Amino acid sequence: VTFAMGDGRSVTCNSMSRYSESVKPGRPSPTCGYVYQKPSLPAGSYTVRSTVNWEVSWSVAGYSGVLPTTRIASRALPIGELVALNR
């Protein structure tokens with residue numbers, strides 16, 4: 001899957017982890033992740049677009065082939081900034 005991150009950059013992930021409630025905000029992804037350099041808030045959000053390419057191989061009754069397909073989806077994501085102060 002290739003993600004256009006909405007800030008002019010993109011990232012390609014060959015492997016991804018399933019979401020888990022145990023994942024804490026700010027922790028890096030174990031397989032594929034991205035860190036925005038600037039928050040989108042309060043002005044708006046980044047529109048992230050994902051593109052995945054599939055090749056489906058098939059065979060039936062002596063015939064076979066490959067069906068290429070592409071799927072694209074997008075979502076607006078508001079990105080904030082987490083700041084912590086230690087005293």
Side-chain angles (χ1 to χ4, degrees):
V1 179
T2 298
F3 296 95
M5 302 308 295
D7 63 352
R9 294 192 173 118
S10 65
V11 62
T12 299
C13 301
N14 296 314
S15 174
M16 290 185 277
S17 299
R18 175 173 233 160
Y19 174 77
S20 168
E21 293 285 336
S22 65
V23 174
K24 302 297 181 210
R27 303 234 13 235
S29 168
T31 54
C32 188
Y34 184 78
V35 176
Y36 284 95
Q37 300 303 308
K38 296 188 314 187
S40 66
L41 296 173
S45 59
Y46 290 113
T47 299
V48 177
R49 180 178 164 146
S50 65
T51 303
V52 63
N53 298 300
W54 294 88
E55 286 190 351
V56 179
S57 299
W58 62 273
S59 66
V60 63
Y63 296 94
S64 64
V66 176
L67 298 172
T69 187
T70 299
R71 296 289 180 241
I72 299 170
S74 63
R75 174 74 51 127
L77 294 177
I79 303 296
E81 183 176 19
L82 179 62
V83 178
L85 299 175
N86 292 326
R87 293 185 186 198

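Only a predicted model underlies this, so the values are computations on that prediction, with no experimental measurement involved.
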Without placing hydrogens or testing angles, list every side-chain donor-acceptor pair under 3.5 Å for residues 33-46, not counting sequence neighbours.
residue : atom : partner : partner atom : Å
Y34     : OH   : D7      : OD1          : 3.2
Y34     : OH   : D7      : OD2          : 2.6
Y36     : OH   : M5      : O            : 2.7
Q37     : NE2  : V35     : O            : 3.4
S40     : OG   : G44     : O            : 3.0
S40     : OG   : I79     : N            : 2.8
S40     : OG   : I79     : O            : 3.4
Y46     : OH   : K38     : O            : 2.8

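- For residues 53-86, no pair satisfies ring pair (Phe, Tyr, Trp, His ring centres under 6.0 Å), with sequence neighbours left out.
- Taking each heavy atom of S57 and V66 in turn, the nearest pair found is OG-CG2, 4.0 Å.
- Counting only heavy atoms from C-beta outward, the side chains of V11 and R9 never approach each other to under 4.5 Å.
- Between atom CZ of residue R75 and atom OG1 of residue T47 there is a gap of 11.0 Å, rounded to the nearest 0.5 Å.
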